[in-house]
Number of protein chains: 2
Amino acid sequence: MKEIFAGGAPPAPAALAAKVRTLAPSMTRSMQRVAEAVAGDPAGTAALTVTGLAELTGTSEATVVRTARLLGYPGYRDLRLALAGLAAQQQSGRAPAVTADIAVDDPIADVVAKLAYDEQQTLADTAAALDTVQLGAAVSALASARRVEVYGVAASGLVAQDLVQKLLRIGQVAHAHSDPHLAVTNAVTLRAKDVAIAITHSGSTGDVIEPLRVAFEHGATTVAITGRPDGLVSQYADHILTTSTARESELRPAAMSSRTSQLLVVDCLFVGVAQRTYETAAPALAASYEALAHRHSPRGGTGR
Amino acid sequence: MKEIFAGGAPPAPAALAAKVRTLAPSMTRSMQRVAEAVAGDPAGTAALTVTGLAELTGTSEATVVRTARLLGYPGYRDLRLALAGLAAQQQSGRAPAVTADIAVDDPIADVVAKLAYDEQQTLADTAAALDTVQLGAAVSALASARRVEVYGVAASGLVAQDLVQKLLRIGQVAHAHSDPHLAVTNAVTLRAKDVAIAITHSGSTGDVIEPLRVAFEHGATTVAITGRPDGLVSQYADHILTTSTARESELRPAAMSSRTSQLLVVDCLFVGVAQRTYETAAPALAASYEALAHRHSPRGGTGR
DNA sequence: TCACTCCTGAAAGATATTTTCGGCGCGGGT
DNA sequence: ACCCGCGCCGAAAATATCTTTCAGGAGTGA
């Protein structure tokens, strides 16, 4: 007997479709075929043996096993078990109903419904796939950080600012950087006890990786929030938080769902830190709320 | 073959426990032990191999297989698969137990689940409450706008920037302002055919209302994205888009759900505009994607 | 074009499952 | 009380399934 059960990484409950999407880009062609079959028909796949699935996808047993490994399972046997579970869930639960893409001539009401549904899906996927161990580690680092620097450009830059705004509210020293040069300049000044966070969906945004690398080499604790955990950015990250990737279409750029996903992660970080530092966080939150009250006109209902 | 019971009956969906009880009397002692273990802890049993389950119940592999047969499965392998499904169902069944507020001592996994759930709820609420007529009107105004100015401070400022980033991608002329003075300065330059958008959750943020008022009085088309449609900001808005407000708690500031809600509205605006201006928007989107490609390191999907 | 890297599948090797087969306990007959 | 037969039970062989190894080959950059 080997591999009792628990350990560092739980295989994956039902966030399989999400995981497939997240990892698909880093897969080779044949592995993608396997992953596609698995994600497309969990129930059917669960009924197949390695050999059967290999034949179905026109690949070999080895490839199937490799795919299972990549998805986080010890082997095909375990993937199959998870698949059976997923199938059962789908069976009992309401039909997941694949949402149609947004078309150019969709009425506005459909657009609202589809976007809302997609973002909900993204949230569910992200939550399911989020590694709570990594998250916990990142929270610990932040809670005891002397100073926090967050790097992100474009859409991820806004997420970085969002995190910083939140951290500032609970009395943490935090800054966001979207200027690559200034970011590197800033990273050089970091030491142990400081935390650097890089946010990049692609995992390969040079402008963000560079400052993280510098911070890493200067001994700071580094965290990466990325949709591609196999990306270059992970090389310099002590803790990796994976965001999920949703399908995108012409009218629905990837930035949309990655942002939703990143914000959820950021919120989790924030709440985690607020919990750990409750003694100081709670009064700080109250104080910042109080300080802003007078900037709102008296009118407009106070109630609630 | 004897085939006493199985016959044409399907393996068994989830009524496994019932089946065990029904068949128990007709079982021999050791088989009962196996059946009991299976019914008692489906999840745990699903993790075991034949040998493991045999050892656990103090019986032999043969007995385990015989039990599986009696329960209607072709063999142990299939029983195990069904067991995994059952476990997954049970798991998901007790999921909705996380609707409570986030507490200081919640484990990190609960925090993730609760935040994700809350944000999903916020999205659903917002989508349901969004006035598509107002939204359509706002989209029309944006689609034919010569220039778009967006005002927002703090968290809403980030949403403003998000909208602007998106509009820029489809070739619209857009700017975000979070500096109240500059915002007003900017607002006085607006004319008809220009669009001004104010984003404020409270609906009473003076720093944002003021520029909107100025824009309104200069003849620009004005849009308010607010959680309080009865707030002061609405007085100067041609179109009002209402975001939903979720309950908040000490550890979960209102900014969190209002941001989610605002972003959904902003996404809807963006997609709506992109639809209306598809001829120019599509190439622009493609071009901006292309232009950024080289900023990502080539490496990404290699090994590991 | 050549060298190189990494993907890929065939087949060997390891595990898990199923089947076979003989032992043994238990009741009933003498 | 003893013997006989019935059928449950588990050890081990046989088979199926999964995993690993290894070498050929496609694609890529120089």
Side-chain angles (χ1 to χ4, degrees), chain A residues 1-5 11 23-38 44-84 230-232, chain B residues 1-6 11 23-38 44-84 293-294 297-304:
Chain A
M1 191 61 102
K2 62 170 187 180
E3 282 300 330
I4 313 293
F5 188 71
L23 267 44
S26 67
M27 287 181 184
T28 63
R29 260 185 306 286
S30 10
M31 283 166 93
Q32 280 183 9
R33 280 216 299 287
V34 176
E36 201 174 313
V38 163
T45 312
L48 294 168
T49 68
V50 210
T51 313
L53 183 53
E55 276 179 18
L56 179 72
T57 56
T59 63
S60 67
E61 292 98 327
T63 300
V64 172
V65 173
R66 276 192 282 262
T67 308
R69 291 265 162 74
L70 196 77
L71 290 174
Y73 301 90
Y76 176 70
R77 203 184 308 272
D78 303 80
L79 168 62
R80 200 175 161 186
L81 240 27
L83 240 31
D230 62 328
L232 198 55
Chain B
M1 256 313 185
K2 335 187 182 179
E3 283 298 335
I4 301 169
F5 200 92
L23 266 46
S26 68
M27 288 181 185
T28 63
R29 262 184 307 283
S30 10
M31 282 167 89
Q32 279 182 11
R33 280 217 302 287
V34 175
E36 201 175 315
V38 163
T45 312
L48 295 169
T49 67
V50 208
T51 314
L53 183 53
E55 274 179 19
L56 180 72
T57 57
T59 63
S60 68
E61 292 98 323
T63 300
V64 172
V65 173
R66 276 191 282 263
T67 308
R69 292 265 163 75
L70 196 75
L71 290 174
Y73 300 91
Y76 176 70
R77 203 186 309 272
D78 303 81
L79 168 62
R80 200 177 161 186
L81 241 28
L83 240 31
H294 83 276
S297 338
R299 281 188 182 284
T302 61
R304 224 269 283 252

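Note on naming: letters A, B, ... go to the chains in the order of the sequence lines (proteins, then strands), and numbering restarts at 1 for each one.
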For this session: Quick one: list whatever passes side chain to side chain contact (heavy atoms under 4.5 Å, CB included) with L81(A), sequence neighbours left out.
Result: R80(B), L81(B), A84(B)
Exercise. Rounded to the nearest Å, what distance is computed from the CD atom of residue E55(B) to the C1' atom of nucleotide dA16(C)?
Worked result: 13 Å
For this session: Could you tell me the separation between the CZ atom of R80(A) and the P atom of dA16(C), rounded to a whole number of Å?
Result: 15 Å
For this session: To the nearest 0.5 Å, tell me how far T67(A) OG1 sits from L23(A) CG.
Result: 10.5 Å
Problem set entry | With sequence neighbours excluded, residues passing side chain to side chain donor-acceptor pair (under 3.5 Å) with T57(A) | T59(A)
Exercise. Roughly how far apart are M27(B) CE and L70(B) CG, rounded to 0.5 Å?
Worked result: 5.0 Å
For this session: Output all residues satisfying side chain to side chain contact (heavy atoms under 4.5 Å, CB included) with S60(B), sequence neighbours left out; order by chain, then residue number.
Result: A62(B), T63(B)
Problem set entry | Reported CG-to-CG distance for the pair D78(B) and L71(B), which is rounded to 0.5 angstrom | 12.0 Å
Strictly under 3.5 Å: I want the nitrogen or oxygen pairs between protein and nucleotides 18-20 of chain C, one per line.
from, atom 1, to, atom 2, distance (Å)
dT18(C), OP1, Y76(B), N, 3.3
dT18(C), OP2, Y76(B), N, 2.8
dT19(C), OP2, R69(B), NH1, 2.8
dT19(C), OP2, R69(B), NH2, 2.5

Side-chain donor-acceptor distances from residues 44-53 of chain A under 3.5 Å, at least two apart:
from, atom 1, to, atom 2, distance (Å)
T45(A), OG1, A37(A), O, 3.3
T45(A), OG1, D41(A), O, 2.6
T49(A), OG1, T51(A), N, 3.4
T49(A), OG1, G52(A), N, 3.2

Exercise. Rounded to whole angstroms, how far apart are CE on M27(A) and P on dC6(C)?
Worked result: 19 Å
Exercise. Under 4.0 angstrom, heavy atoms only, what part of the nucleic acid is G52(A) near: base, sugar-phosphate, or nothing?
Worked result: nothing
For this session: Using atom types as modelled and distance alone, determine if a side-chain donor or acceptor of R66(A) lies under 3.5 Å from a backbone N or O of M31(A).
Result: no
Exercise. Once you round it to whole Å, what is the distance between P of dC18(D) and CG of L83(A)?
Worked result: 12 Å
For this session: Tell me whether the OP1 or OP2 atom of dG9(C) has a side-chain N or O from T63(A) closer than 4.0 Å.
Result: yes
Problem set entry | DNA chain D contacts made by residues 28-38 of chain B, counting heavy atoms under 4.0 Å | T28(B), R29(B), S30(B)
